[in-house]
Amino acid sequence: MTGTENYPILLSPLKVGNTTLKNRVIMGSIHTGLEDRARDTTRLAAYFAERARGGVALIVTGGYAPNRTGWLLPFGAKLTNRVEARRHRTMTDAVHAEGGKIALQILHAGRYSYQPFSVSASSIKAPINPFRPRRLTARGVRWQIRNFVRCARLARSAGYDGVEIMGGEGYFINQFLSDRTNKRRDEWGGSAENRRRIAVEIARRIRAEVGTDFLVMFRLSMADLVEGGQSWDDIVALAQDLESVGVDVINTDIGWHESRVPTIVTSVPRAAFADITGKLDKHVDIPVAASNRINMPDIAEGILARGDAQLISMARPMLADPFWVRKAEANAADSINTCIACNQACLDHAFVHKTVSCLVNPRAGREVELQLLPARRTKKVAVVGGGPAGLSAALEAARRGHAVSLFESRPALGGQFGIAQRIPGKEEFSETIRYFTTALRDADVAVHLGWRVTAAELVAGDFDEVIVATGVIPRIPSIPGIDHPSVLSYADVVEHGRPVGDRVAVIGAGGIGIDISEFLTTNASPTLDLKEWKQEWGVTEPEAAPGALTTPVPAPSPREVYLLQRKKGRIGAGLAKTTGWVHRAALKAKGVHELSGVNYERIDDEGLHITFGERHERPRTLAVDTVVVCAGQEPVRDLVDDLRAAGTTAHVIGGADVAAELDAKRAIEQGTRLAASI
Ligand code: NAP
Ligand code: SF4
């Protein structure tokens with residue numbers, strides 16, 4: 001079967017306004033950070049060009065503010081004059097040279113602007129920003145509209161094929177649309193018609209300015225997922241008004257940044273919101289694009305086939321695999337490097353003002369600096385360990401032309417990802433193992449499973465380079481009674497399916513302790529059940545309530561779980577920005593007891609004995625049936641020592657190198673960089 005037979009709608013062209021898109025895939029906007037500095041223009045152009053080469057029909061840039069009040073950050077990206085516009089030629093020319101199209105996103109942050117000069121419909125501070133915005137006067141509103149129009153005009157002069165007006169995610173325009181943030185009583189507030197006036201005026205005046213042969217898209221929030229969000233009638237009326245003033249495409253969006261419902265993390269079911277897009281699609285004649293948690297061609301084709309949308313917008317999946325469309329065309333979905341929605345190298349970077357990349361594709365955003373060119377001399381390379389570090393090193397070394405053998409002592413590839421994929425809501429991690437398995441085969445890597453290779457065998461194998469990626473083992477803390485039969489390691493529980501009692505204490509509240517607590521308090525995988533997931537987070541039909549919110553009804557936990565750490569302070573404080581709050585909310589919903597500042601005294605038939613206080617003065621016994629140890633990891637380095645004794649040096653990467661704060665982002669990047677250098 002060909003890709004076109006398998007994904008007939010996805011790969012078919014679509015006429016949008018006066019432009020024809022060669023397929024139905026839009027690369028959605030994601031702010032990489034490269035937009036913010038003129039010196040990064042070449043890197044940004046290379047990043048876009050690679051995605052255009054990968055076959056995506058239309059790229060939407062990261063957000064550019066129409067003036068300084070709309071900056072995401074001080075001195076962030078803006079497009080306000082001809083000098084700035086000239087720089088954009090580098091990007092638009094690079095994309096056009098690859099046969100792609102590119103639209104500039106105009107993003108005014110409004111009260112999300114992280115600076116003291118922010119503006120909004122009303123002077124209401126966002127819960128996620130310390131700066132209170134200034135309420136715009138009516139004159140100020142009109143000035144803002146003129147700036148949006150100027151930005152679109154400059155985008156056209158810079159060679160863009162269109163613009164996307166950001167009207168969702170709780171940014172400036174969305175702040176006018178919603179009663180939550182718009183308390184005005186003039187022509188820009190009050191009635192729903194007045195609240196949407198700014199959005200319609202911006203679109204109408206941009207269309208008048210740019211003519212008919214230029215794409216005008218609008219990013220519209222399908223459900224604000226905040227108290228006081230827009231009603232469904234408001235959203236439909238706005239979409240219809242936008243169509244009537246000449247908008248070509250409605251791209252969709254879910255949830256404000258301040259919403260307490262997760263919309264993009266890995267535990268959100270795939271295509272969770274496509275049905276809402278489908279409801280809007282019935283009310284307008286222009287194409288509507290579905291977005292959020294769509295990452296594989298079969299999911300995308302299903303949405304299009306059901307008539308829920310005519311286009312698919314994906315941002316992170318294009319970071320993970322720039323050649324996503326080409327692989328769909330070749331009917332090779334198995335070789336797609338799937339976005340696992342971890343956010344670790346993309347949005348978590350963006351929120352701490354680091355350049356965005358991708359955990360599963362460290363080249364994203366680094367196309368210029370991290371090149372994997374053919375090796376000048378073919379070498380014989382041994383990689384020991386089939387976890388994320390070893391997999392990436394083996395794959396990229398083989399792609400460069402080296403003859404690579406990979407040794408893994410277990411019967412399957414994946415390492416720590418093999419455990420992660422069994423955690424409810426982390427099933428996507430299996431896609432990375434599938435990707436590497438397929439890619440290693442295609443790159444002719446000799447994969448030896450179930451082979452604990454020795455230093456003597458490696459020496460006898462006469463390898464030019466030996467890469468040790470033997471990973472980690474769970475740390476066993478020295479607590480009296482740690483060898484009691486009630487004590488299990490996290491690997492015992494998740495990997496080996498050892499039985500766990502009804503009352504459980506989890507020792508260690510790092511990423512794995514939290515994952516295990518979710519594992520133990522969840523009956524089934526929420527990712528597999530959209531209805532259950534919506535109940536859990538209180539998401540209802542958009543017609544049922546403004547903002548599509550209702551009271552959450554989490555499924556009861558099958559166990560009572562205590563999650564413990566020695567340090568004082570909030571559990572999960574070290575988790576990442578975009579995912580930490582989701583984990584904390586999930587634990588709270590399941591009634592997990594969180595205990596900090598704990599001293600572990602002993603484990604015996606009564607359970608786990610702990611004390612609190614500097615002098616261990618407040619004792620407590622947790623009468624639990626099982627104690628699960630998640631106390632971090634120790635590196636596995638025996639092979640390094642054996643090789644050294646045999647007079648051979650090796651490259652050591654991943655957890656075997658540094659186990660502390662080991663994560664897959666570091667492991668995959670380290671493996672890739674090493675492969676690029678040998
Ligand atoms: P970790 O994050 O370093 O946490 C280890 C936990 O064990 C800490 O809570 C620590 O807290 C406790 N601990 C350390 N030594 C101990 C000892 N001797 N006795 C008792 N408790 C001890 O390690 P991890 O949970 O194994 O995770 C490993 C890495 O995987 C993380 O760095 C993270 O990057 C990644 N990961 C992340 C996630 C996620 O974000 N959801 C999920 C899984 C894995 P106290 O010292 O305060 O007791
Ligand atoms: Fe997707 Fe994670 Fe890569 Fe972000 S870092 S693009 S979420 S795989």
Side-chain angles (χ1 to χ4, degrees), residues 28 30 32 264-268 293 295 314-322 324 336-350 356-365 388 415-417 419-420 423 425-426 428-429 431-432 435 471-479 482 489-491 494 506-519 563-584 586-587 594-600 610 627-634 655 658-669:
I30 185 161
T32 62
I264 50 170
V265 299
T266 191
S267 57
V268 175
R293 289 291 286 117
N295 59 357
M314 290 175 287
R316 295 173 301 166
M318 296 292 144
L319 284 181
D321 196 333
W324 193 101
I336 288 177
N337 193 1
T338 306
C339 166
I340 57 174
C342 65
N343 290 347
Q344 275 179 250
C346 55
L347 298 179
D348 284 333
H349 276 207
V356 157
S357 186
C358 172
L359 177 139
V360 298
N361 172 25
R363 285 196 66 248
Q416 295 294 304
F417 265 37
I419 297 181
I423 302 292
K426 281 199 163 174
E428 290 286 4
F429 284 59
E431 295 286 8
T432 304
Y435 161 72
V472 292
I473 47 164
R475 176 184 294 132
I476 306 297
S478 54
I479 302 169
I482 194 73
S489 75
Y490 64 82
V494 181
V506 177
I507 290 183
I512 290 182
I514 288 172
D515 274 0
I516 290 292
S517 301
E518 290 188 37
F519 180 88
L563 177 58
L564 314 170
Q565 67 179 12
R566 295 173 304 180
K567 63 178 93 54
K568 295 196 174 98
R570 197 172 54 151
I571 281 198
L575 293 178
K577 182 106 177 163
T578 62
T579 49
W581 67 270
V582 183
H583 290 297
R584 284 191 295 272
L587 295 178
E594 301 180 1
L595 301 178
S596 300
V598 165
N599 308 307
Y600 303 110
I610 54 174
V627 175
V628 183
V629 178
C630 305
Q633 288 97 9
E634 304 285 358
V658 184
E661 290 173 19
L662 162 75
D663 68 24
K665 181 179 75 170
R666 174 157 63 83
I668 294 178
E669 186 179 340

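One-based numbering, in listed order, for ligands and for the atoms of each.
A heavy-atom separation below 4.0 Å is found between Tyr600 and ligand 1.
Close N/O approach between Ile507 and ligand 1 is not found [any backbone or side-chain N/O within under 3.5 Å]. Of the polar atoms of Arg475, at least one N or O is found under 3.5 Å from an N or O of ligand 1, judged by distance alone.
With a 4.0 Å heavy-atom cut-off, ligand 1 is reached by the side chain of Leu575 but not by its N, CA, C or O. With a 4.0 Å heavy-atom cut-off, ligand 1 is reached by no atom of Ala420.
Of all the atoms in ligand 1, the ones that sit under 4.0 Å from a non-hydrogen atom of Ile512 are 24 (P), 25 (O), 26 (O), 27 (O), 43 (C), 44 (C). Taking every heavy atom of Gly510 and a limit of under 4.0 angstrom, the matching atoms of ligand 1 come to 2 (O), 4 (O), 6 (C), 8 (C), 9 (O), 25 (O). Those atoms of ligand 1 with a heavy atom of Gly508 less than 4.0 angstrom away are 6 (C), 7 (O), 9 (O), 12 (C). The ligand atoms of ligand 1 that sit less than 4.0 angstrom from a heavy atom of Pro477 are 17 (C), 18 (N), 19 (N). For ligand 2 and Ala341, the ligand atoms under 4.0 Å from any heavy atom of the residue are 1 (Fe), 7 (S). Ligand 1 places these atoms under 4.0 Å from at least one heavy atom of Gln565: 47 (O), 48 (O). Annotation for ligand 1: atoms under 4.0 Å from non-hydrogen atoms of Cys630 are 5 (C), 6 (C), 7 (O). Near Gly632, the atoms of ligand 1 lying under 4.0 angstrom from a non-hydrogen atom of the residue are 5 (C), 7 (O), 23 (O), 26 (O). Remark: ligand 1 atoms within the under-4.0 Å shell around heavy atoms of Ala509 are 9 (O).
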Check your understanding: Can you check side chain to side chain contact (heavy atoms under 4.5 Å, CB included) on Val265 and Asn343, steps first, answer last?
Key -> CA-CA 7 Å; Val265 299; Asn343 290 347; 3.9 Å; yes

Exercise for review: Test Ile514 against Leu563 for side chain to side chain contact (heavy atoms under 4.5 Å, CB included), laying out the working first.
Suggested key: CA-CA 8 Å; Ile514 288 172; Leu563 177 58; 4.0 Å; yes

Check your understanding: Can Phe429 and Gln416 be said to form a side chain to side chain contact (heavy atoms under 4.5 Å, CB included), step by step?
Key -> CA-CA 10 Å; Phe429 284 59; Gln416 295 294 304; over 6 Å; no

**Study point:** Derivation of the side chain to side chain donor-acceptor pair (under 3.5 Å) call for Asn295 and Glu431
**Key:** CA-CA 10 Å; Asn295 59 357; Glu431 295 286 8; 5.9 Å; no

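Side chain of Asp515 to main chain of Ala420: no donor-acceptor pair is present (N/O by atom type, distance under 3.5 Å, no hydrogens or angles). In terms of modelled atom types and a separation under 3.5 Å, the side chain of Arg584 and the main chain of Arg570 share no donor-acceptor contact. Between the Arg293 side chain and the Val268 main chain, a donor and an acceptor come within less than 3.5 Å of each other. Formation of a donor-acceptor pair under 3.5 Å by the Asn337 side chain with backbone atoms of Tyr435 is not found in this model.
Of the options Gln344, Lys665, Lys577, a side-chain hydrogen bond (donor to acceptor under 3.5 Å, both in side chains) to His349 is made by Lys665 and by none of the others. Results of the side chain to side chain contact (heavy atoms under 4.5 Å, CB included) test with Glu669 over Pro362, Ser357, Pro388 single out Pro362 as the only residue that passes.
For the residues Asp515, Asp663, Asn599, the heavy atom positioned nearest atom 42 (C) of ligand 1 is part of Asp515. Residue His583 holds the heavy atom nearest to atom 41 (N) of ligand 1 of all those in Lys665, His583, Arg666. Remark: among candidates Lys567, Arg566, Glu634, the nearest residue to atom 11 (O) of ligand 1 is Lys567, based on non-hydrogen atoms.
Put simply, CD1 on Ile516 and CD1 on Ile423 are 4.5 Å apart, with the number rounded to the nearest 0.5 Å. In this structure, the separation between CD1 on Ile264 and SG on Cys346 is 7.5 Å, given to the nearest 0.5 Å.
Protein N/O/S atoms found under 2.8 Å from atom 3 (Fe) of ligand 2, listed by chain and residue number: Cys358 SG.
The minimum heavy-atom distance linking Gly425 with Thr266 is given by the pair O-CG2, 3.2 Å. The nearest pair of heavy atoms linking Ile340 to Glu428 is CG2-O, 3.3 Å.
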